[in-house]
Colleague: 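Can you read through this structure? Questions will come right after.
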Number of protein chains: 2
Amino acid sequence: MQLSFRWYGNTDPVTLKQIKQIPDMKNIVSAIYDVPVGEVWTKDKINSLKSSIEQEGLTLSVIESLPVHESIKLGEANRDGLIENYKESLRTLGNSGIKTVCYNFMPVFDWTRSNLNYELEDGSKTLMYDNDFIKDIAPVTTNLNLPGWDESYTKEEMAALIEKYRQIDEEDLWKNLEYFLNEVLPVAIEHDIDLTIHPDDPPWSIFGIPRIIKTKESYQRLISINSSKNNGICFCTGSLGCLEENDLPEIIKEFGDHIHFVHMRNIKRLDNHSFVESGHLSKYGSINMKEVVRALKAIDYKGTIRPDHGRMIWGETGKAGYGLFDRALGATYINGLIEGVETNDSTIS
Amino acid sequence: MQLSFRWYGNTDPVTLKQIKQIPDMKNIVSAIYDVPVGEVWTKDKINSLKSSIEQEGLTLSVIESLPVHESIKLGEANRDGLIENYKESLRTLGNSGIKTVCYNFMPVFDWTRSNLNYELEDGSKTLMYDNDFIKDIAPVTTNLNLPGWDESYTKEEMAALIEKYRQIDEEDLWKNLEYFLNEVLPVAIEHDIDLTIHPDDPPWSIFGIPRIIKTKESYQRLISINSSKNNGICFCTGSLGCLEENDLPEIIKEFGDHIHFVHMRNIKRLDNHSFVESGHLSKYGSINMKEVVRALKAIDYKGTIRPDHGRMIWGETGKAGYGLFDRALGATYINGLIEGVETNDSTIS
């Protein structure tokens, strides 16, 4: 396994030169950000991203994300053309040497938090999810915008989109995912691309909208659609870990062949499905990070891990969860864990 | 074992608020910097330092260093008064709750490097020791000042001091250390203070001046002076590790009862006793950091560890080796190692 760092392209306040100075950091996770969702990623744009990263002595190892258009998730009449575009982007990525692509099937809201600047005891700021607050929001009718919402929608478009999702249930969403995967997986397999689905964040339904990638059972159903290893999983400790019932090492061991990308962050579960994003260390959150690393060793995981979301420390400002400092601290912590556990392979069950 | 961070007081560009945001960082290593070497540290000064640290929710855990006057190391006629002052400072520190004090017995030069801004492949800057360069210097007669030299001396004073040390040999230096320890250890024992001697950095003679704390044999002789656990060792991986013959885990296991303070950093040994200070990760240097942690676990080490010297990364400037960023990365790496190794106690021999 090797570490990677998410970089939001040339407008990211975190630079590639900074990332390169993090010990043992050689791999970049990125995407094309100036192409509207549903349109084709061109060879020129992909190669330009790739070469800007390689110029700094780093490697573009994972695309996160190649986003799935809402019409595909909703199973709307126009989905076939959008899926063709998706396949075309996949082919071009494959031909450019990209072997891991992350996507998600979350309706409307990619990730949801109630507060991006929750202050911890040490004065650092972090992301927080207050379930009591979220569940009382009527997102269509209130004027409140939650952090993380897609700002490319107008309020009316957002309301219409939410209403559409309220007309379908989890079973419909599964069928739409199945339809999508049946179309794109052959292309992924042909180009040796591991398509990895990110779990829902948080892993439960919000605002009366269905969500389906939440638990061990979700992965069982996902793999029943297609058992190819290219039908893959982005294993996100922070998302799955919000549900206490999710035994992370057990899920890793059960679906090891399908895990090709790992997000490592920690969260502290609070009462009633609320949570706060803690620092990466096991002692600060509800997730035992060492047991996650041990499970990854047990499956002989060869893919990339990225230290996910950091707190904002030392006065850093920027994209919530994606500052330089605390993510880098997470990277060296994970490096220490990997090295520490590595000696004792014989004791891993 | 618990982590600690060196802080140079209120003039340090690294602030206590920043240190507090490093995960699991609760302990501060500091000293009084405005009292000339040889004079008494007053209760007021110690308590002022202590309370400034406690106001930020941190603890002053280790004094590094309570410096030993050159006349004590040289065994000069005025040493008794200076040793009385040292004892008085120790008593005051003990009464203020300080239980670990670091010192060294290096003549003239505390640590020696040839370059404080050696550029690594990733653009970061680090400390470097070029033995070919150092051995050709005639420090008394050239105009060259090496980084790390005590700037409180004039060139003439420095020349005179070096000349004095050239008149004594290692045996004399050992006798002077023994004289000093025989005087101060009873005070340390009475106040339950662990006095920890820092190894010579690098652990060999330079400029024709004797050095004595270099190898396993040095510690055998040290402890033969007084076997009390208060006659302690500050185990510095980066200093001892410059000599390939020093088997660090073996030294830790042999002298475990006397180790009360640990400096963890990595160095890459080059040809002919040259070395460069690498990042903390084992893969960058000559020291296997995991084996150091395993040995510390094997002796059930309860003291503090501080991530020693970091590179200068992300454009940081400041005191060479003592920036915030890379030392903090070292801290979380060490935390990961400690946690990773900790599971598997049964395999530690």
Side-chain angles (χ1 to χ4, degrees), chain A residues 3 14-15 17-26 56-58 120-125 266 278-285 288-291 293-294 297 307 310-316 324-326 328-348, chain B residues 3 14-15 17-26 56-58 120-125 266 278-285 288-291 293-294 297 307 310-316 324-326 328-348:
Chain A
L3 291 202
V14 180
T15 67
K17 282 189 201 302
Q18 289 170 322
I19 294 170
K20 193 175 158 65
Q21 294 183 345
I22 301 168
D24 203 33
M25 191 59 73
K26 301 183 180 71
E56 296 295 339
L58 296 159
L120 295 169
E121 184 265 340
D122 64 5
S124 62
K125 305 286 179 66
N266 210 340
S278 59
H280 293 82
L281 272 64
S282 297
K283 66 177 68 174
Y284 286 107
N288 186 322
M289 303 292 265
K290 176 188 62 198
E291 292 305 323
V293 168
R294 281 168 64 85
K297 296 288 301 172
R311 303 163 300 144
M312 282 297 176
I313 60 174
W314 306 335
E316 187 175 18
L324 169 65
F325 300 145
D326 202 40
L329 294 182
T332 53
Y333 168 64
I334 295 165
N335 254 318
L337 275 182
I338 292 170
E339 186 181 345
V341 168
E342 208 151 32
T343 323
N344 308 294
D345 280 342
S346 61
T347 67
I348 294 173
Chain B
L3 292 200
V14 180
T15 67
K17 282 188 200 303
Q18 290 171 321
I19 295 169
K20 191 175 158 66
Q21 293 183 344
I22 301 168
D24 204 32
M25 192 59 73
K26 301 183 179 75
E56 296 295 340
L58 295 159
L120 296 169
E121 185 265 340
D122 64 5
S124 61
K125 305 284 178 65
N266 210 339
S278 59
H280 294 82
L281 271 64
S282 296
K283 64 177 69 175
Y284 287 106
N288 186 323
M289 301 292 263
K290 176 188 60 200
E291 292 305 324
V293 169
R294 281 168 63 83
K297 295 287 301 175
R311 302 163 300 144
M312 282 297 175
I313 60 174
W314 306 334
E316 188 176 18
L324 170 65
F325 299 147
D326 202 40
L329 294 181
T332 54
Y333 167 64
I334 296 165
N335 254 318
L337 275 182
I338 292 171
E339 186 181 344
V341 168
E342 207 152 29
T343 321
N344 307 294
D345 280 342
S346 60
T347 68
I348 294 172

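Chain identifiers are assigned alphabetically (A, B, ...) following the order of the sequence lines, protein sequences preceding nucleic acid strands; residue numbering begins at 1 within each chain.
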Colleague: I'd like to check Pro23(B) versus Tyr333(A) (side-chain heavy atoms, cut-off strictly below 4.5 Å). Are they in contact?
Modeller: no
Colleague: Does any N or O in the side chain of Gln21(A) come within less than 3.5 Å of the main-chain N or O of Asp122(B), such that one atom is a donor and the other an acceptor?
Modeller: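 It does hold such a pair.
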Colleague: Please tell me if the side chains of Thr15(B) and Trp314(A) come closer than 4.5 Å, counting only heavy atoms from C-beta onward.
Modeller: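 Not touching, per the 4.5 Å side-chain cut-off.
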Colleague: Let me know if Ser282(A) has heavy atoms under 4.5 Å from chain B in its side chain, its backbone, both or neither.
Modeller: both
Colleague: Name the member of Glu121(A), His280(A), Gln18(A) that forms the most heavy-atom pairs with chain B at distances under 4.5 Å.
Modeller: Gln18(A)
Colleague: Please indicate whether Lys17(A) has more than 12 foreign heavy atoms, meaning atoms of other residues, nucleotides or ligands, lying under 6.0 Å from its NZ.
Modeller: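 No, because the 6.0 Å sphere around NZ of Lys17(A) holds 12 heavy atoms or fewer from other groups.
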Colleague: Where is the tightest heavy-atom contact between Glu339(B) and Lys290(A), given as atom of each residue plus distance?
Modeller: O-CD, 3.1 Å
Colleague: Within a strict 4.5 Å, meaning less than it, do heavy atoms of the Asp24(A) and Lys283(B) side chains meet?
Modeller: yes
Colleague: For Thr332(B) and Leu329(A), which heavy atoms make the closest approach, and how far apart are they?
Modeller: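 Nearest heavy atoms, Thr332(B) then Leu329(A): OG1-O, 2.8 Å.
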